[in-house]
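Report on the following structure.
Bear in mind that the values here come from a model prediction, so they are computed numbers and not experimental data.
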Amino acid sequence: MTAPLLIRGPLDVPGPEMADHLGAHGALPVVDLHGLVERAALTGRGGAGFPTAAKLRSVAAAAAATGRAPVVVANGSEGEPAAAKDAVLLVRAPHLVFDGLALAAAAVGATSAYLAADPALLPGLARLLGDRGDRLGVRLRPVAGTFLAGEESALCAALDGKAPLPRSKFPPVRERGVDGRPTLVLNVETLARLALVARGNDAAASSLLVTRRMEIAGTSWVDVVDVALSSRLGDVLRLGDGVQAVLIGGYAGTWVEAGRAAHLTLDPVGLAQADAALGAGVLAALPADRCGLRETARVVGYLAAQSAGQCGPCLNGLPRIAAALDVLARPTPPPSGLLADVHRWSGLLPGRGACSHPDSSVRLVASALRVFEPELALHRTGRCTARTAQPFLPVPGSTR
Ligand SMILES: Cc1cc2nc3c(=O)[nH]c(=O)nc-3n(C[C@H](O)[C@H](O)[C@H](O)COP(=O)(O)O)c2cc1C
Ligand code: SF4
């Protein structure tokens, strides 16, 4: 479970000053970033796990083809309500993110860069940025704080002064993003890892920041740890009798039974065995005294409300599924055919939206109906295993 530590010491200690950063990591070297990132096999930590070297190459190629200087964007939006790793990183090790931005910009020939993050973090970041004296002028921008605002096309739209909504995947932002320029959007953790890889620390590419959510002795616990991708999930989270299932990847993720989850390794191949992926790096251990269907219904209600309603699946499908799930989450016999309807509607959504929001939402629903099948059966008889109605997963604006 130990890994090269990106997050060191108690998480409430303010981020290191430039002198601390240089003392810990040394000066930023001049390197062939493309080759190093390719060799280290670094993948994105913003959700999709896309190879970073391929992104660098495609943005550089788009810039060469169009003759327009590209833009680099550090994505610190962290729209996922269950995640905290990007905010913790920006407080604990912001200079690694700034280093990564400078390196990525140099690698693709960008002359302008943005870092988008929670408005509360920006004053501290502005001061630290001022201490660096970088030639690259990084512009700090606040994010909208919605689930969709961190999707790359939504973020580029916001940086252009438009509504923070996803748009069609074509042309991709790597060809036409901010100001119509080829745009490289990388998650802040990816950039921090890139800064470590550039310093010869290849192991930085094989660990990741995880936001852990669990209950210890009836008290909610949330922290951020840096763990090796080869770690067993059972060594990262306490998965004793008091845990029934793990939400892997966050609200665009998948429920897995606790007993099965314990044996999975965190690398993409290990998690794929349970049709899971690390997404935004969330691991949430659902206590045995909660109703998994109720928790999922709250989350899916939130996801349906967050969708921009610009595309059919989000306008018609997601709200219907959320409403049906809300009924199935109650300990009363549901109207006949409702479960079959949810499965049928879910099958109609994937691949039909401008972004992957409906696809991941119905994947979450399918995993809940599979993992909490015994709970569904109990609800049909008017019963529920939950011993408390206290919400476990955080849903902005909800107390149900
Ligand atoms: C609905 C949705 C929300 C997203 N929210 C975030 C986010 O909050 N932060 C983030 O870094 N990436 C988010 N992404 C992924 C970005 O679109 C993009 O792929 C990512 O920032 C690229 O960085 P990476 O290659 O370093 O992973 C989201 C994607 C989708 C579909
Ligand atoms: S699929 Fe949904 S969330 Fe994505 S752009 Fe269309 S309406 Fe918005």
Side-chain angles (χ1 to χ4, degrees), residues 47-48 80 82 147-148 166 244-261 264 271-277 279 282 284 286 290-386 391-393 395 398 400:
E80 162 70 55
F147 191 80
L148 297 175
Q244 54 174 313
V246 180
L247 179 61
I248 300 176
Y251 297 172
T254 312
W255 287 108
V256 179
E257 297 86 352
R260 187 173 183 210
L264 301 172
L271 291 182
Q273 289 177 18
D275 290 328
V282 173
L286 182 70
R290 303 303 211 286
C291 173
L293 292 172
R294 169 88 353 245
E295 288 293 324
T296 311
R298 288 173 48 248
V299 168
V300 175
Y302 162 77
L303 293 173
Q306 287 288 303
S307 88
Q310 320 178 96
C311 316
C314 287
L315 195 61
N316 306 311
L318 266 190
R320 267 196 217 181
I321 292 172
L325 204 59
D326 194 51
V327 174
L328 294 169
R330 294 179 202 155
T332 48
S336 77
L338 190 64
L339 182 58
D341 282 345
V342 172
H343 284 299
R344 190 167 46 82
W345 296 332
S346 295
L348 298 173
L349 266 57
R352 300 247 172 104
C355 77
S356 60
H357 181 61
D359 308 41
S360 56
S361 302
V362 295
R363 222 174 25 242
L364 175 72
V365 171
S367 71
L369 296 177
R370 197 171 55 240
V371 170
F372 304 120
E373 212 284 324
E375 190 71 41
L376 267 178
L378 207 60
H379 285 193
R380 276 186 220 114
T381 67
R383 290 177 294 157
C384 179
T385 51
F392 171 66
L393 294 170
V395 169
S398 154
R400 282 192 303 153

Over all atoms of both residues, closest heavy-atom pair of Ala245 and Trp255: CB-CE3, 3.9 Å

Using a 3.5 Å distance criterion without hydrogens, assess whether the side chain of Glu295 forms a donor-acceptor pair with backbone atoms of Phe392. yes

Out of Leu364, Thr296, Leu325, which residue meets the side-chain contact (heavy atoms from CB on, under 4.5 Å) rule with Leu369? Leu325

Shortest non-hydrogen contact from Leu148 to Ser307? CD1-CA, 3.8 Å

Closest heavy-atom pair, Leu247 versus Gly253, reported as atoms and distance to 0.1 Å, is CD1-C, 4.4 Å

Flag the pair Arg298 and Asp326 as a salt bridge only when some basic side-chain nitrogen lies within less than 4.0 angstrom of an acidic carboxylate oxygen. no

Can you classify the ring geometry of Phe147 versus Tyr251 as parallel (below 30°), tilted (30 to 60°) or perpendicular (above 60°)? parallel

Are the side chains of Pro166 and Gln310 in touch, meaning some heavy atoms are under 4.5 Å apart? yes

Going by atom types only, do Thr332 and Arg330 share a side-chain donor-acceptor pair under 3.5 Å? no

Taking the side chain as every heavy atom from C-beta outward, state whether Val246 and Leu264 have any pair of such atoms under 4.5 Å apart. no

Tell me, do Val299 and Val395 make a side-chain contact under 4.5 Å, heavy atoms counted? yes

Which residue is it: Cys311, Pro358, Pro313, Cys314? I am looking for the one with a side-chain contact (heavy atoms from CB on, under 4.5 Å) to Arg352. Pro313

What are the two closest heavy atoms between Leu393 and Ala284, and how far apart are they? CD2-CB, 3.9 Å

Where do Trp345 and Arg320 come nearest, in terms of heavy atoms and distance? NE1-NH1, 3.5 Å

Which distance, rounded to the nearest 0.5 Å, do you find between the CG of Leu328 and the CG of Leu339? 6.0 Å

Does any non-hydrogen side-chain atom of His379 lie less than 4.5 Å from one of Pro334? no

Candidate pair Thr254 and Arg370, rule side-chain contact (heavy atoms from CB on, under 4.5 Å), full reasoning: CA-CA 10 Å; Thr254 312; Arg370 197 171 55 240; 4.2 Å; yes

Interatomic distance, Arg294 atom CZ to Glu375 atom CD [nearest 0.5 angstrom]: 11.0 Å

Validation row: Asp275, Ser367 side chains within 4.5 angstrom (heavy atoms): no

d(Leu349 CG, His357 NE2) to nearest 0.5 Å is 10.0 Å

Minimum heavy-atom separation for Ala324 and Val342, please, with both atom names. CB-CG2, 3.5 Å

